[in-house]
A.B. asks: 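One structure, pasted below without further comment.
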Amino acid sequence: MPIRLHNSLTRSLQELQPLVPGHVTMYHCGPTVYSSPHIGNFRSFLFADVLRRFVEDQGLRTTQVMNVTDVGHLTLDDVEGGEDKMEAASRKTGMTAWDIAKKYEAEFHDCQRKLHFRLPHHMPRATEFVPQMGRIIDDLLQKGVAYQTNGNVYFEVAKFAEYGKLSGKVLDELESGARVAVNEEKKDPRDFALWKVDPKHQMQWDAPFRGGVRGFPGWHIECSAMSMHYLGPQIDIHTGGEDNMFPHHECEIAQTEAHTHKQFVSIWMHARHLLVDGKKMSKSVGNFFTVEDVLAKGYSGLELRYTLIRVQYRQSLNFTLAGLDEARAAIGRVQQCRQKLVRVRDGLDRAGPDDMAAATSSANERFTAVLSDDLNVSEALAVVFDFVGACNKAAASVVGAKAALAAFARFEDVLGCFGGEPKADVTSDAPAELLALLPLRKAAKQAKDFATADRIRDQVAAAGWKIVDTASGARLEKA
RNA sequence: GGUCCCGUAGCCGAGUGGUUAGGCAACGGAUUGCAAAUCCGUUUACCCCAGUUCGAUUCUGGGCGGGACCUCCA
């Protein structure tokens with residue numbers, strides 16, 4: 001089934017047709033590592049993760065690149081007075097810019113693990129691609145689409161006729177809407193920096209292009225350089241948050257296409273921002289949650305992942321703590337169902353006659369169809385829960401349980417938000433002293449000594465476990 | 001001001017020109033010594049006003065409300 005995705009460039013659905021058949025190249029604008037990653041960052045990155053998983057599920061190979069921005073991203077892009085985010089963080093904390101980058105990049109990777117990412121194939125750092133950026137800058141200068149003033153190099157937007165094709169921004173709007181000081185160095189307010197000179201900047205390189213002055217690279221050029229290095233001049237999919245559309249991606253298109261004279265990206269995809277309690281989450285307002293904030297409240301990475309992917313990426317997602325509780329319950333419903341199937345498959349519970357063939361193939365087909373329609377995760381989850389209902393009603397045979405579990409494994413492989421296959425019985429993990437209580441309770445119940453039976457149950461509960469009574473006897477589960 | 005998106009039952013959130021989304025919560029039932037867990041069932045919504053139509057929540061126009069980007073931020 002063809003995968004159709006919404007292309008921001010054309011504002012329409014477009015079939016994914018890889019430039020190299022069977023192999024999809026994806027580039028994701030990754031984190032600027034100047035502070036702890038927050039849940040909004042991860043909405044965007046998780047969307048890309050689910051996209052990659054689904055593409056692979058459909059039998060395509062992927063190569064996925066996510067950059068780490070550790071230099072050049074200014075607090076006010078390309079504007080007089082804009083400060084590099086790394087430098088700003090350094091000034092506030094007293095750490096060097098290099099140490100800041102190291103610290104937060106490590107935190108980012110830690111969050112990726114906690115949120116069950118399938119890691120990108122490459123996660124290059126901007127600071128390690130300065131020579132490659134230099135080659136592009138050099139070419140743009142030679143072509144006359146970039147110019148140098150006081151050592152600073154700017155891309156001349158007027159030389160790229162298609163500037164604005166992604167974001168729809170036109171010159172007049174940008175000029176009239178400008179709320180920032182005009183940079184007199186630039187020929188045009190839209191021109192953006194490829195290279196900056198600032199003796200105070202901690203991160204410095206000799207100019208990697210002819211006739212340049214020691215300095216540091218601008219923000220946008222890194223993505224062009226790293227994308228081209230790993231994926232070639234043309235790629236299939238490029239993603240980012242909606243705020244990246246302008247100026248970042250607009251500038252990437254301009255400098256890359258001016259350099260290669262080829263269409264840079266086939267499909268641009270942008271994730272909508274999330275809201276917190278119905279309001280915009282932003283650093284300046286301070287109403288934001290880092291991933292650690294959420295985990296510190298006792299929620300699991302899986303629960304957070306579920307919460308962040310459950311709404312289709314082009315809809316704004318309203319993040320609430322209540323939503324995390326819902327996620328917990330919803331995941332539990334799926335895992336409970338899978339556990340029952342495991343018990344049938346492993347012979348611990350009695351099998352029925354149903355081979356589950358119709359329900360399983362129907363669920364698989366629907367799952368594929370809804371995700372092929374611009375990655376509609378909301379509907380995909382509905383398919384999963386419909387399947388849970390079908391499994392709960394059916395009396396699965398051993399073969400049926402195997403088939404259903406295979407379907408769940410596939411859903412998990414794509415969404416990654418339910419967890420692995422549950423154990424048939426977690427009683428064996430329970431402390432021996434608690435396990436020893438089960439026969440005592442059974443005896444008490446048989447003797448109609450319910451006071452003792454209930455006391456044992458309370459005792460087990462106090463230890464963080466719960467007694468689950470079933471037809472085949474009681475077992476313990478983690479509360 | 002410019003560009004764009006959205007407004008669905010208690011909450012979150014799909015989708016559709018006429019037929020049950022799904023999850024959470026609530027309630028009823030099954031089960032249980034009582035519970036827990038689980039299962040079954042119930043709760044019939046689509047901002048307002050016009051228009052198109054045999055019929056609109058779904059299309060068109062207007063209004064109201066919320067949000068996003070243009071500025072920190074994915």
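Predicted, not measured: the structure shown is a model, and the values here were computed from it. All chains are named by letter (A, B, ...) in the order of the sequence lines, taking the proteins before the strands, and each is independently numbered beginning at 1.
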A.B. asks: How many whole angstroms separate atom CD of A/Glu326 from atom P of B/rA26?
C.D. replies: 12 Å
A.B. asks: Mapping A/Gly389 and A/Leu381 to their closest nucleotides on RNA chain B, which lands nearer the 5' end?
C.D. replies: A/Leu381
A.B. asks: Any idea which of B/rA35, B/rG23, B/rA14 is nearest the A/Arg457 side chain?
C.D. replies: B/rA35
A.B. asks: Within residues 314-321 of chain A, which residues have any heavy atom lying less than 4.0 Å from an atom of RNA chain B?
C.D. replies: A/Gln315, A/Asn318
A.B. asks: Sticking with atom P, work out how far B/rA9 lies from B/rG2, rounded to a whole angstrom.
C.D. replies: 32 Å
A.B. asks: Which nucleotide, B/rG67, B/rA74, B/rC12, lies nearest any side-chain atom of A/Ser44?
C.D. replies: B/rA74
A.B. asks: Partner lookup for B/rA35, please. Criteria are Watson-Crick or G-U wobble with both distances under 3.5 angstrom; report none if nothing qualifies.
C.D. replies: none
A.B. asks: Does B/rA74 pair with anything, Watson-Crick or G-U wobble, both distances under 3.5 Å, and if so, with which nucleotide?
C.D. replies: none
A.B. asks: What is the separation between atom CZ on A/Arg11 and atom C1' on B/rA68, rounded to the nearest whole Å?
C.D. replies: 14 Å
A.B. asks: Between B/rA25 and B/rA68, how many Å separate the two C1' atoms, rounded to a whole number?
C.D. replies: 30 Å
A.B. asks: Under a 3.5 Å cut-off for both contacts, is B/rU3 paired Watson-Crick or G-U wobble with anything, and if yes, with which nucleotide?
C.D. replies: B/rA68
A.B. asks: In terms of side-chain heavy atoms of A/Glu242, which of B/rA68, B/rC34, B/rC12 is nearest?
C.D. replies: B/rA68
A.B. asks: From the options B/rA35, B/rG13, B/rA68, select the nucleotide whose nearest atom is closest to the side chain of A/Asp469.
C.D. replies: B/rA35
A.B. asks: Under 4.0 Å between a Lys/Arg side-chain N and an Asp/Glu carboxylate O for A/Arg53 and A/Asp57?
C.D. replies: no
A.B. asks: I'd like to know whether the aromatic ring centres of A/Phe129 and A/Tyr230 sit less than 6.0 Å apart in this structure.
C.D. replies: yes
A.B. asks: Counting heavy atoms from C-beta on, name the nucleotide in B/rG33, B/rG23, B/rU38 closest to the side chain of A/Lys340.
C.D. replies: B/rU38
A.B. asks: For nucleotides B/rC47 and B/rG1, find the distance between their C1' atoms and express it as a whole number of Å.
C.D. replies: 27 Å
A.B. asks: What's the NZ-C1' distance between A/Lys448 and B/rC34, to the nearest Å?
C.D. replies: 12 Å
A.B. asks: For atom C1', what is the distance between B/rC59 and B/rU53, given to the nearest Å?
C.D. replies: 10 Å
A.B. asks: How close or far is atom P of B/rU3 from atom CD of A/Glu250, stated in whole angstroms?
C.D. replies: 16 Å
A.B. asks: Taking atom C1' of B/rA74 as reference, at what distance in whole Å does atom NE2 of A/His249 sit?
C.D. replies: 10 Å
A.B. asks: What interatomic distance, in whole Å, is found between C1' of B/rU16 and the corresponding atom of B/rU44?
C.D. replies: 16 Å
A.B. asks: Is any side-chain nitrogen or oxygen of A/Arg333 closer than 4.0 Å to OP1 or OP2 of B/rG23?
C.D. replies: yes
A.B. asks: Under the criterion ring-ring contact (aromatic ring centres under 6.0 Å, His included), I'd like the reasoning laid out for A/Phe42 against A/Phe47: C-alpha separation, chi angles, the key distance, then a yes or no.
C.D. replies: CA-CA 8 Å; A/Phe42 277 99; A/Phe47 137 67; over 10 Å; no
A.B. asks: Checking all strands, does A/Ala271 fall into the base, sugar-phosphate, or nothing category for heavy-atom contacts under 4.0 angstrom?
C.D. replies: nothing
A.B. asks: For B/rG67, take OP1 and OP2 only and decide whether either is under 4.0 Å from a side-chain N or O of A/His273.
C.D. replies: no
A.B. asks: With rounding to whole Å, what would you report as the distance between B/rG62 and B/rG67 at their P atoms?
C.D. replies: 22 Å
A.B. asks: With C1' as the reference atom in both, quote the distance from B/rU42 to B/rC64 in angstrom, rounded to an integer.
C.D. replies: 35 Å
A.B. asks: Out of B/rG33, B/rG22, B/rA74, which has the shortest distance to the side chain of A/Asp386?
C.D. replies: B/rG22
A.B. asks: Counting Watson-Crick and G-U wobble pairs only, both distances under 3.5 Å, name the nucleotide matched with B/rU42, or none.
C.D. replies: B/rA26
A.B. asks: Looking only at the side chain of A/Ser378 (C-beta and beyond, no hydrogens), which of the listed nucleotides B/rG15, B/rG33, B/rG13 gets closest?
C.D. replies: B/rG13
A.B. asks: Is A/Lys442 near enough to B/rG33 that one of its side-chain N or O atoms lies under 4.0 angstrom from OP1 or OP2?
C.D. replies: no
A.B. asks: Does B/rA21 pair with anything, Watson-Crick or G-U wobble, both distances under 3.5 Å, and if so, with which nucleotide?
C.D. replies: none
A.B. asks: Whole angstroms only, please: what is the CD-P distance between A/Gln312 and B/rC6?
C.D. replies: 11 Å
A.B. asks: Any chance the side chains of A/Ser224 and A/Gln255 put a donor and an acceptor closer than 3.5 Å?
C.D. replies: yes
A.B. asks: Map A/Gly240 and A/Phe450 onto RNA chain B by nearest heavy atom, then report which one ends up closer to the 5' terminus.
C.D. replies: A/Phe450
A.B. asks: Per the atom types in the model, does the base of B/rG15 pair as donor or acceptor with the side chain of A/Asn376 at under 3.5 Å?
C.D. replies: no
A.B. asks: What's the gap between B/rC49 and B/rG65 when it is taken at their C1' atoms, as a whole Å value?
C.D. replies: 15 Å
A.B. asks: Identify which nucleotide among B/rA74, B/rC12, B/rA14 has an atom closest to any side-chain atom of A/Leu274, counting heavy atoms from C-beta outward.
C.D. replies: B/rA74
